[in-house]
Number of protein chains: 2
Amino acid sequence: MKTQQSTTFKAIADDTRLRMINLFVTSRKPLCVCEIVDALRLPQYQISKHLSILKNAGLIDVEKDGTWGYHYLIEDNSLNKMLITFLKKYLAGDVFDDDIKKLEMRLLLREDGKCVVGFVDEKELFKKLKDREKELAIKE
Amino acid sequence: MKTQQSTTFKAIADDTRLRMINLFVTSRKPLCVCEIVDALRLPQYQISKHLSILKNAGLIDVEKDGTWGYHYLIEDNSLNKMLITFLKKYLAGDVFDDDIKKLEMRLLLREDGKCVVGFVDEKELFKKLKDREKELAIKE
DNA sequence: ATATTATATGCTAATAAGTGCATATAAGCA
DNA sequence: TGCTTATATGCACTTATTAGCATATAATAT
């Protein structure tokens with residue numbers, strides 16, 4: 001006897017995966033692997049593997065767009081709905097909040113709502129964001 | 001880095017422990033080991049061990065009364081409060097509902113709100129409950 | 001084609017978790 | 001004191017889980 005509930009809790013009973021889910025529930029948009037990697041500062045293979053665990057548990061799904069893969073929470077069933085509503089309140093505090101800040105920065109690099117770069121470390125991110133500002137200043 | 005949230009999810013990411021928590025959240029009263037054993041029909045050492053896992057995660061505590069130990073959910077912090085409110089809705093279905101039925105029967109054997117017997121299997125339970133009925137009939 | 005980039009996955013070693021059984025503890029009772 | 005009962009725990013065994021590294025796949029660009 002194996003319940004859906006315990007399968008789900010096993011899937012989220014890990015700090016890395018909780019941090020990933022936190023990104024999903026707060027950003028409210030599909031995220032690609034490189035964005036998650038940059039927000040959490042963890043190796044790409046870890047993020048990919050943890051994503052596949054969440055996927056096998058029926059919590060997320062992917063939509064492919066070229067080489068990019070946009071992962072998103074599955075919210076069209078009542079158990080997941082309850083869970084997501086709960087997690088939105090339940091996940092808060094140091095790490096979780098820091099991750100969100102990093103993700104928000106990183107999402108500024110999107111163009112037309114799409115990810116257009118791979119991994120960028122913190123320095124590169126700041127540089128890119130400054131360049132972006134300059135471009136905007138010129139256009140005005 | 002280890003969050004309280006992942007510690008908690010690890011603790012409840014197991015069917016036996018979810019079933020135990022289900023008993024707590026629905027019965028809304030401290031339960032002793034033998035009552036849980038009888039409701040879930042699992043060996044006593046398993047129940048004891050799973051209880052200690054829940055305890056180490058900060059989800060339950062015990063109040064001793066002689067040899068009996070009454071275990072109850074810790075609800076005086078905001079994370080646990082959120083969790084319990086959520087689980088009350090989230091845990092439902094076949095096993096969970098059956099367990100509740102068994103527990104309710106078993107709790108009928110209490111006297112003055114206290115557990116007064118050890119393990120009783122299904123046959124014995126029915127027998128005891130019939131005897132109880134007879135006693136009550138005589139008293140009236 | 002070849003190279004590059006985004007993502008996935010196979011393998012291994014290390015660690016953790018769960019089950020079963022026996023036994024320990026500790027309180028109440030004869 | 002010794003006996004029973006409710007509960008806890010130590011040990012052995014098995015199975016899961018995770019991290020790390022290398023490599024595979026697959027789409028795009030040159």
Side-chain angles (χ1 to χ4, degrees), chain A residues 1-2 6-20 30-57 60-72 106 109-110 114-121 124, chain B residues 1-2 6-20 30-57 60-72 106 109-110 114-121 124:
Chain A
M1 164 218 45
K2 193 157 182 66
S6 78
T7 301
T8 298
F9 286 132
K10 270 205 174 64
I12 67 174
D14 174 277
D15 271 310
T16 303
R17 292 194 294 270
L18 274 185
R19 291 170 66 195
M20 292 168 61
L31 302 173
C32 68
V33 177
C34 54
E35 290 169 333
I36 302 174
V37 166
D38 284 349
L40 306 192
R41 309 263 159 218
L42 289 172
Q44 174 266 320
Y45 65 79
Q46 273 194 30
I47 302 299
S48 281
K49 270 180 193 166
H50 284 299
L51 281 172
S52 88
I53 290 171
L54 292 175
K55 199 174 166 203
N56 286 334
I60 64 169
D61 209 344
V62 209
E63 195 173 314
K64 280 281 193 171
D65 178 21
T67 46
W68 274 274
Y70 289 92
H71 300 257
Y72 58 92
R106 172 61 218 244
L109 292 185
R110 282 196 179 186
K114 295 272 174 182
C115 178
V116 292
V117 291
F119 316 120
V120 294
D121 60 32
E124 213 179 323
Chain B
M1 166 217 46
K2 196 158 180 65
S6 77
T7 301
T8 298
F9 286 132
K10 268 205 175 63
I12 68 174
D14 174 277
D15 272 310
T16 303
R17 294 196 292 270
L18 274 185
R19 290 170 68 194
M20 292 169 60
L31 302 172
C32 67
V33 177
C34 56
E35 291 170 331
I36 302 173
V37 166
D38 284 349
L40 306 192
R41 310 263 160 218
L42 289 171
Q44 173 267 319
Y45 64 79
Q46 272 195 29
I47 301 298
S48 281
K49 272 180 193 168
H50 285 300
L51 281 172
S52 86
I53 291 171
L54 292 175
K55 200 175 165 200
N56 287 333
I60 65 169
D61 209 344
V62 209
E63 196 172 315
K64 280 280 194 170
D65 179 20
T67 48
W68 274 273
Y70 289 91
H71 300 257
Y72 58 91
R106 172 60 219 248
L109 291 184
R110 281 196 178 185
K114 295 270 174 184
C115 179
V116 293
V117 291
F119 316 120
V120 295
D121 61 31
E124 212 180 326

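Nothing here was measured: the structure is a model prediction, and the numbers come from that model. Heavy atoms only: backbone and side chains are in, while hydrogens, waters and symmetry mates are out. Chain naming here is simple, since letters A, B, ... match the order of the sequence lines and numbering starts at 1 in each.
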Proximity to the side chain of [X] - top-ranked nucleotide from [options]:
{"X": "A/Lys49", "options": "D/dC21, D/dT18, D/dT9", "result": "D/dC21"}
{"X": "B/Ser48", "options": "C/dG20, D/dT18, D/dT7", "result": "D/dT7"}
{"X": "B/Thr67", "options": "C/dG18, C/dA8, D/dT5", "result": "D/dT5"}
{"X": "A/Leu51", "options": "C/dG20, C/dA8, D/dA8", "result": "C/dA8"}
{"X": "B/Thr16", "options": "C/dT19, D/dA22, D/dT7", "result": "C/dT19"}
{"X": "B/Val33", "options": "C/dG20, D/dT7, D/dA22", "result": "D/dT7"}
{"X": "A/Cys32", "options": "D/dA8, D/dC21, C/dT7", "result": "C/dT7"}
{"X": "B/Phe119", "options": "C/dT7, D/dT18, D/dT7", "result": "D/dT7"}
{"X": "B/Lys64", "options": "C/dA8, D/dT18, D/dT7", "result": "D/dT7"}

Heavy atoms from other residues, nucleotides or ligands near CD of A/Glu63 exceed 12 (cutoff 6.0 Å): no

[X] vs [N]: side-chain N/O to OP1/OP2 distance below 4.0 Å:
{"X": "A/Gln46", "N": "D/dG20", "result": "yes"}
{"X": "B/His50", "N": "C/dT19", "result": "yes"}
{"X": "B/His71", "N": "D/dA8", "result": "yes"}

Point-to-point distance, once rounded to the nearest 0.5 Å, from CZ of A/Arg17 to CG of A/Asp15: 10.0 Å

Spacing of CD belonging to B/Gln46 relative to CG belonging to B/Leu40, to within rounding of 0.5 Å: 10.0 Å

Any N/O donor-acceptor pair, A/Gln44 side-chain to C/dA8 base, under 3.5 Å: yes

Rounded distance in Å - [atom1] ([X]) to [atom2] ([N]):
{"X": "A/Leu40", "N": "D/dT18", "atom1": "CG", "atom2": "P", "result": "15 Å"}
{"X": "A/Ile53", "N": "C/dT7", "atom1": "CD1", "atom2": "P", "result": "18 Å"}
{"X": "A/Lys10", "N": "C/dA17", "atom1": "NZ", "atom2": "C1'", "result": "9 Å"}

Sugar-phosphate only, base, or nothing, as touched by B/Ile47 at under 4.0 Å among non-hydrogen atoms: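 Here B/Ile47 touches no strand at all.
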
Sugar-phosphate only, base, or nothing, as touched by B/Val117 at under 4.0 Å among non-hydrogen atoms: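 Sugar-phosphate, no base atom in range.
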
